[in-house]
S.K.: 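To start, I am sharing the structure in question, which I have written as structure tokens.
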Amino acid sequence: MGTVDVANKDITASLADKKPKVVFVLGGPGSGKGTQCANIVEHFHYTHLSAGDLLRAEIKSGSENGTMIQNMIKEGKIVPSEVTIKLLQKAMLESGNDKFLIDGFPRNEENRAAFEAVTKIEPEFVLFFNCPEEEMERRLLSRNQGREDDNIETIRKRFKVFLESSLPVIEYYKAKGKVREIEAAKPVAEVFEAVKVIFTPKAEKVAA
């Protein structure tokens, strides 16, 4: 156990030395955050890390950790914050970059507190794609005909879970003046214009 702790401490220390710039990306299902993350990566050279993708990749790898995650999901348990955070830390270090979009995390207050406690990193800001429920429903239903998890009931349930768990995180960072809210119901190009303003350094804005 001791060596694992040492390894984790090394990762945390190496990351802290880098002083990475972290942006949490939050938005309900169908808010278009995946599309916008791809645009931010292309234009502003961030590394996009999706907590869900990292967990799925770990399961696929067949590692001991992956098997544990798979069993927890099968049993309907929530994967502990520390497990997801370790995967995020590892991916951040391996990327060689120092600017990150962390997508779909923190999902709740406990995730948020654990991330700051474990990594000693506070996010630069939270990018919140605010999209009305009716618009998200319309997008998901038209996008995924035939996908089981995209019927109206499931969509509403997913939206409710998002509101209940993620809104406290958004409120926490709002109180610190760290939330950048985007009206996500607009067309993709318009949404990206609003995103660009947030990510463009102030000096460049003046020069432009």
Side-chain angles (χ1 to χ4, degrees), residues 15 18-57 79 81 83-95 97-116 118-119 121-133 135-136 139-140 143 155 158-159 161-201:
L15 263 184
K18 269 186 152 183
K19 297 196 169 38
K21 186 174 183 174
V22 168
V23 175
F24 288 148
V25 183
L26 295 176
S31 61
K33 62 187 170 65
T35 305
Q36 297 301 335
C37 281
N39 286 337
I40 296 164
V41 167
E42 194 184 326
H43 285 79
F44 298 103
H45 312 297
Y46 275 69
T47 294
H48 175 212
L49 300 175
S50 153
D53 287 354
L54 288 172
L55 287 167
R56 281 186 285 275
V79 177
S81 298
V83 172
T84 309
I85 291 163
K86 271 178 206 157
L87 292 175
L88 285 167
Q89 282 184 304
K90 190 164 164 267
M92 285 162 85
L93 261 187
E94 285 171 358
S95 76
N97 200 351
D98 60 355
K99 299 193 296 188
F100 302 95
L101 298 171
I102 296 186
D103 176 5
F105 187 93
R107 277 179 180 267
N108 53 39
E109 259 301 287
E110 194 266 329
N111 278 174
R112 177 203 65 72
F115 182 87
E116 290 189 13
V118 172
T119 64
I121 297 167
E122 228 189 278
E124 197 85 2
F125 57 87
V126 174
L127 190 61
F128 172 39
F129 288 97
N130 198 358
C131 192
E133 186 172 4
E135 176 60 20
M136 288 193 201
R139 288 180 183 180
L140 289 169
R143 183 177 75 182
I155 290 168
R158 282 167 68 196
F159 190 72
V161 166
F162 167 73
L163 286 182
E164 285 171 358
S165 55
S166 299
L167 279 186
V169 175
I170 291 160
E171 290 306 322
Y172 173 86
Y173 286 117
K174 226 176 223 172
K176 289 175 161 260
K178 285 192 169 211
V179 173
R180 309 286 178 270
E181 194 166 318
I182 298 281
E183 295 222 8
K186 293 177 178 170
V188 172
E190 276 182 50
V191 173
F192 189 51
E193 285 310 310
V195 168
K196 266 199 239 175
V197 171
I198 291 168
F199 280 85
T200 303

S.K.: Set out, in order, the CA-CA distance, both residues' side-chain angles and the distance that settles side chain to side chain contact (heavy atoms under 4.5 Å, CB included) for Ile198 and Phe125, then state yes or no.
M.R.: CA-CA 10 Å; Ile198 291 168; Phe125 57 87; 3.7 Å; yes
S.K.: Is there side-chain contact between Pro20 and Met92, with heavy atoms separated by less than 4.5 Å?
M.R.: yes
S.K.: If you look only at pairs with a residue in residues 23-36, which of them pass as a salt bridge (charged side-chain N to carboxylate O under 4.0 Å, His left out), with sequence neighbours excluded?
M.R.: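 Checked against salt bridge (charged side-chain N to carboxylate O under 4.0 Å, His left out) - neighbours excluded - the pairs reaching residues 23-36 are Lys33-Asp103.
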S.K.: Rounded to the nearest 0.5 Å, what separates atom NZ in Lys90 from atom CD1 in Ile85?
M.R.: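 One gets 15.5 Å once the value is rounded to the nearest 0.5 Å.
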S.K.: Sub-3.5 Å donor-acceptor pair from the side chain of Ser165 to the main-chain atoms of Arg107, do we have one?
M.R.: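 Yes; at least one donor-acceptor contact below 3.5 Å.
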S.K.: Can you list the residues that meet the salt bridge (Lys or Arg N to Asp or Glu O under 4.0 Å) rule with Glu171, with sequence neighbours excluded?
M.R.: none
S.K.: Is a donor on one side and an acceptor on the other found under 3.5 Å between the side chain of Glu94 and the backbone of Gln89?
M.R.: no
S.K.: How would you list all residue pairs meeting ring pair (Phe, Tyr, Trp, His ring centres under 6.0 Å) that involve residues 29-51, not counting sequence neighbours?
M.R.: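 Pairs touching residues 29-51 that pass the test: His43-Phe192, Phe44-Phe199, Tyr46-Phe199.
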S.K.: Less than 6.0 Å separating the ring centroids of Phe24 and Phe128?
M.R.: no
S.K.: Can you find a heavy atom in the side chain of Val126 that is under 4.5 Å from one in the side chain of Val169?
M.R.: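 Not in contact.
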S.K.: I need the Cys131 SG to Phe162 CZ distance, nearest 0.5 Å.
M.R.: 10.0 Å
S.K.: Hey, does Ile102 have a side-chain heavy atom less than 4.5 Å from the side chain of Val23?
M.R.: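 No; the side chains remain at least 4.5 Å from each other.
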S.K.: For the atom pair CZ (Arg112) and CG (Asn108), what is the distance rounded to the nearest 0.5 Å?
M.R.: 10.0 Å
S.K.: Measure the spacing between OG1 of Thr47 and CG of Leu101 and express it to the nearest 0.5 Å.
M.R.: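 It comes to 8.0 Å.
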S.K.: What is the distance from atom OG of Ser31 to atom CZ of Phe159, rounded to the nearest 0.5 Å?
M.R.: 9.0 Å
S.K.: Any chance you could measure Asn111, atom CG, to Leu88, atom CG, to the nearest 0.5 Å?
M.R.: 9.5 Å
S.K.: For residues 35-44, pull every pair meeting salt bridge (charged side-chain N to carboxylate O under 4.0 Å, His left out), keeping only residues two or more places apart or in separate chains.
M.R.: none
S.K.: Considering residues at least two apart in sequence or located in another chain, which fulfil the side chain to side chain contact (heavy atoms under 4.5 Å, CB included) criterion with Asp98?
M.R.: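 Partners of Asp98 by the side chain to side chain contact (heavy atoms under 4.5 Å, CB included) criterion come out as none, since no residue qualifies.
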S.K.: Measure the shortest side-chain to side-chain distance between Asn39 and Lys196 over non-hydrogen atoms and say whether it is less than 4.5 angstrom.
M.R.: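 Side-chain contact under 4.5 Å: no.
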S.K.: For a quick test of your reading: what N or O donor-acceptor pairs under 3.5 Å do the side chains of residues 176-186 make, sequence neighbours left out?
M.R.:
residue: Lys178; atom: NZ; partner: Glu122; partner atom: OE2; Å: 3.1
residue: Lys178; atom: NZ; partner: Pro123; partner atom: O; Å: 2.6
residue: Arg180; atom: NH1; partner: Gly177; partner atom: O; Å: 3.2
residue: Glu181; atom: OE2; partner: Asn130; partner atom: ND2; Å: 2.8

